[in-house]
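Notes for the one structure printed next.
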Amino acid sequence: MGRMSEQSPAENARETHPDALPEYAERVLQVAELIPPGRVMTYGDVAEFLEEGGPRQVGRVMALYGGAVPWWRVVRSDGVLLPGHELRALAQYHAEGTPLKEASRTAEGHLPRLDMRRARWDGGTGAEHHT
C-alpha cells in the first residue's frame with residue numbers, strides 16, 4: 001500500500017478536469033441520445049447494450065447527469081413513470097408519440113404507464129455499440 005498522500009491517475013485527472021464526466025457516465029449518456037423519439041430503453045437494456053454495469057449503475061448515472069439528454073427515454077422495466085418527474089415525462093411521451101397504456105382507475109394518480117411491449121427499443125436499426 002502506498003502513502004495516503006499518493007493519488008491514483010484517475011484522481012489526478014478529476015482534479016485537472018473537475019467537470020469531466022466519468023467514462024461510464026459518458027457512455028450511458030451517449031446511449032440515451034441514440035434512443036429514437038417515441039421509443040425507450042430500460043436501465044438494464046442500457047447496461048446490456050454497453051456490456052457493462054447494471055440497472056442500478058445506469059440509474060445512478062441518469063440521476064446525476066441525465067438532465068442534458070433525453071432522460072425520459074431511459075425507464076424502469078415495469079413502465080412506471082419516473083417518480084417526481086411524471087408530468088414532464090408524460091409531456092415528452094405525448095409529444096413524441098411514445099406508446100402508453102391507460103391507467104386503471106385504481107392506479108395511484110391515474111397516470112398511464114409506458115407500453116413496454118410497443119415502446120421498447122433494442123438498440124438496433126442503425127445503432128452502433130459504443131463500447
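Throughout, residue positions are numbered sequentially from 1 according to the sequence presented. The model shown is predicted, which means the values in this text are computed figures rather than measured ones.
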Hey, are the side chains of [X] and [Y] touching, using non-hydrogen atoms and a 4.5 Å cut-off?
X    : Y    : value
Y43  : S77  : no
V40  : M116 : yes
Y93  : L81  : yes
H94  : L100 : yes
R113 : D78  : yes
D45  : R120 : yes

What distance separates [X] [atom1] from [Y] [atom2], expressed to the nearest 0.5 Å?
X   : Y   : atom1 : atom2 : value
Q57 : M62 : CD    : CE    : 14.5 Å
E33 : R73 : CD    : CZ    : 9.5 Å
T42 : R76 : OG1   : CZ    : 12.0 Å
I35 : F49 : CD1   : CZ    : 9.0 Å
L50 : Q30 : CG    : CD    : 8.5 Å
L82 : L87 : CG    : CG    : 11.5 Å

Same cluster for V80 and V74 if Ile/Leu/Val/Met/Phe/Trp/Tyr side chains link at under 4.5 Å?
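Cluster IDs for V80 and V74 differ.
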Run the side chain to side chain contact (heavy atoms under 4.5 Å, CB included) test on K101 and L114 for me, step by step, so that the C-alpha distance in whole Å, both residues' side-chain angles and the decisive distance to 0.1 Å come before the verdict.
CA-CA 6 Å; K101 288 183 175 182; L114 290 157; over 6 Å; no
When you measure from the side chain of E96 to the backbone N and O of P37, does any donor-acceptor pair fall under 3.5 Å?
no
So, Y65 side chain and V28 main chain: donor-acceptor pair closer than 3.5 Å or not?
no
E26: salt bridge (Lys or Arg N to Asp or Glu O under 4.0 Å) partners, not counting sequence neighbours:
none
With sequence neighbours excluded, what pairs up with R56 under the salt bridge (Lys or Arg N to Asp or Glu O under 4.0 Å) test?
none
Please name the pair of heavy atoms, one in [X] and one in [Y], separated by the smallest distance, quoted to 0.1 Å.
X   : Y    : result
P99 : A119 : CD-CB, 3.8 Å
A32 : V69  : CB-CG2, 3.9 Å
L90 : P112 : CD1-CG, 3.6 Å
R39 : R118 : NE-O, 3.9 Å

Please report whether the ring centroid of W71 lies less than 6.0 Å from that of H85.
yes
